[in-house]
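Taking it in order: structure first as structure tokens, then the write-up.
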Amino acid sequence: MQTFGNYINGEWINSGETFENRNPANTDEVVGLHVKASAADVEKAADAAAAALPKWSGMAGPGRGAILFKAAEILDSRFDAIAAEMTREEGKTYPEAKGEVRRSINILRYFAGEGSRFTGHLVPSERDRVHMFAIRKAIGVVGLITPWNFPSAIPTWKLAPALVAGNTVVLKPASAAPISAYRIVEALHDAGIPKGVVNFVCGSGGTLGKAIVEAKPMKAISFTGSVDIGKWIHAEASKRLLRTQLEMGGKNPTIVLADCDFNAAVENVANAAYFSTGQKCTATSRAIVEDAIYDKFVAALAERTKKLKVGNGMEAGIDIGPAVDEGALKTILDYIEIGKKESGAPLVGGNRLTGGAYDKGYFVEPTLFADVNENARIAQEEIFGPVLAVIRAKDFEDAMRIANASPFGLSASVQTTNVSRVFDFVYGMEAGLLTVNLPSAGVEYQLPFGGTKESSFGPKEQGPAAFDFYSDYKTIYLKY
Ligand code: NAP
């Protein structure tokens, strides 16, 4: 079995106390051992990043991009093995893992190309013979803290724009699924990234996260994870005026209107609610259905939900893998109990799956609660599992009111064929990522990503907007 080390100043540090990374579909299998980094390691990593900064940020953008292009080629050459490893450490199905690794490769290529397009502004001055322009420059050493649910794509969509803009980084992946991020760092190393530019530390979020926020060279922190930790990072980081970017939880609604393409709407809701075990920040956890089709829709969705196959994501034909770990499973089961008390028995699911191979993993039935009160806890709090609350709405206006009555605002979807409703939704919905006649989850990397309210804080990720966080302007006035 492989021991996965930390990566500091271009060196792999493979010895030290380790922790286990177990397969959530079969807890007998240890997927890897990870060397625990310490707060002192974070300091070393941040110092190495600071030392590497002048040369890396001084390098021409296309040169930085070339290293990212090469890393993408390397990842592509290891594609199947890396995807299988992701399924084994995180639990998502193998096809979903392949989709995620493909996305990481595409993100690397997209931002590698941005190395040649890293533009500023050039405008005419009011004064004769004055040339004025603004260039974008790296901000410096950036701390990246990532969750387990997209263990490859999220580290990549932080690393790639940070690096191509000329920053140097310290990356801390989630302890539940760190190998996928390790593989990205390994590809960058193999592509020849100069020492100190990327540093990778693995271990306790409490210890390492604090050390990252407190490390002297740090200029900014990009965090994806839960709301409470995001708020803590922001509170600590802002004491030192560090820039923060926080991507956090969601309670994403899909509004289903009577004029929708019915079968497509059923499929879109089932997909967004249950695939990836509901462990997507953009997953639908509230279906808000117009009264006129409510009963028919709930019946069809219940039938679709019953057909979903839960199991080990490496097996063909499986739709839904396990929860990522015991803690996540417990949270999901606790919320199912809360849901039973609030809304009665679920229409579908509601139990941990047991017997045979299920006993070795953290499997739970996709669960559908119908007739949920909009203020119920399962309709307001993030569960981050395959649990859907269906809420009845009188009409479109009522559905929008219910959808917006949430502290979160990450993604939202509407299923309708009425173009006016589409635009009312686009302009009235309080969320950063909107889909129409698509699942609420399933975004691409070429446009800004992020939400509003308690879901997100700071500049958006991905697309051209990524550089709003990972660079600063320098404005120059020049008399000639
Ligand atoms: P989490 O518990 O908040 O952990 C996220 C990261 O923060 C992990 O690397 C974790 O390390 C680290 N961490 C833990 N305690 C910390 C501390 N005190 N200081 C600094 N860092 C600390 O979240 P998660 O369970 O991994 O992910 C699920 C959450 O992420 C959900 O709320 C989901 O909605 C959200 N999410 C949001 C988006 C988005 O784009 N909006 C995308 C994906 C996920 P350890 O793993 O070592 O604890």
Output the distance between atom [atom1] ([X]) and atom [atom2] ([Y]), rounded to the nearest 0.5 Å.
X    : Y    : atom1 : atom2 : result
F449 : L410 : CZ    : CG    : 5.5 Å
T284 : Y274 : OG1   : OH    : 10.5 Å
I105 : I184 : CD1   : CD1   : 8.0 Å
E100 : F150 : CD    : CZ    : 6.0 Å
I82  : S180 : CD1   : OG    : 8.5 Å

Taking NZ, NE, NH1 and NH2 as the nitrogens, is one of them in [X] or [Y] under 4.0 Å from a carboxylate oxygen of the other?
X    : Y    : answer
K340 : E337 : yes
E454 : K231 : yes
E374 : R401 : yes
R102 : D76  : yes
E186 : R183 : yes
D295 : R392 : yes

Next on the checklist: Angle between ring planes, F4 versus H34, binned at 30° and 60°: parallel, tilted or perpendicular?
Outcome noted: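 Rings of F4 and H34: parallel, as their planes differ by under 30°.
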Checklist entry - For the residue pair H189 and Y7, does the interplanar ring angle fall in the parallel (under 30°), tilted (30 to 60°) or perpendicular (over 60°) class? => result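 Because their plane-to-plane angle is over 60°, the rings of H189 and Y7 count as perpendicular.
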Item to check | side-chain contact (heavy atoms from CB on, under 4.5 Å) evaluation trace for K453 with F408 | outcome: CA-CA 6 Å; K453 302 202 266 188; F408 297 108; 6.0 Å; no
Can [X] and [Y] be counted as having a side-chain donor-acceptor contact under 3.5 angstrom?
X    : Y    : value
D359 : T354 : no
N21  : E89  : yes
K158 : T224 : yes
T435 : S413 : yes
T331 : D334 : no

Checklist entry - Please walk me through it: do T254 and Q415 pass side chain to side chain donor-acceptor pair (under 3.5 Å)? => result CA-CA 7 Å; T254 292; Q415 310 288 313; 5.2 Å; no
Can you check whether [X] reaches [Y] side chain to side chain, under 4.5 Å on heavy atoms?
X    : Y    : answer
Y294 : D371 : yes
P173 : T146 : yes
V289 : F297 : yes

Next on the checklist: Run the ring-ring contact (aromatic ring centres under 6.0 Å, His included) test on F469 and W157 for me, step by step, so that the C-alpha distance in whole Å, both residues' side-chain angles and the decisive distance to 0.1 Å come before the verdict.
Outcome noted: CA-CA 12 Å; F469 180 73; W157 81 50; over 10 Å; no
Between the main-chain N or O of [Y] and the side-chain N or O of [X], is there a donor-acceptor pair closer than 3.5 Å?
X    : Y    : answer
N312 : G361 : no
N6   : C202 : yes
K219 : R243 : no

Checklist entry - Between L144 and L159, does a side-chain contact (heavy atoms from CB on, under 4.5 Å) hold up when you go through it step by step? => result CA-CA 8 Å; L144 310 176; L159 277 169; 3.8 Å; yes
Next on the checklist: Tell me whether K330 forms a cation-pi arrangement with Y362, defined as NZ or CZ under 6.0 Å from the six-membered ring centre and within 45 degrees of its axis.
Outcome noted: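 No, K330 and Y362 do not form such a contact.
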Checklist entry - Where do K309 and E315 land on the side-chain contact (heavy atoms from CB on, under 4.5 Å) test, with the steps shown first? => result CA-CA 11 Å; K309 289 206 176 67; E315 289 166 18; over 6 Å; no
Taking everything shown except [X] itself, do over 12 heavy atoms lie less than 6.0 Å from its [atom1]?
X    : atom1 : value
D28  : CG    : yes
F423 : CZ    : no
E444 : CD    : no
E326 : CD    : no

Checklist entry - Where do E96 and S276 land on the side chain to side chain donor-acceptor pair (under 3.5 Å) test, with the steps shown first? => result CA-CA 8 Å; E96 283 176 330; S276 298; 3.1 Å; yes
Next on the checklist: Test salt bridge (Lys or Arg N to Asp or Glu O under 4.0 Å) on K306 and E303; report intermediate values, then the result.
Outcome noted: CA-CA 5 Å; K306 283 178 197 157; E303 284 316 302; 3.2 Å; yes
Item to check | Derivation of the side-chain contact (heavy atoms from CB on, under 4.5 Å) call for R352 and Y358 | outcome: CA-CA 9 Å; R352 180 176 185 171; Y358 285 139; over 6 Å; no
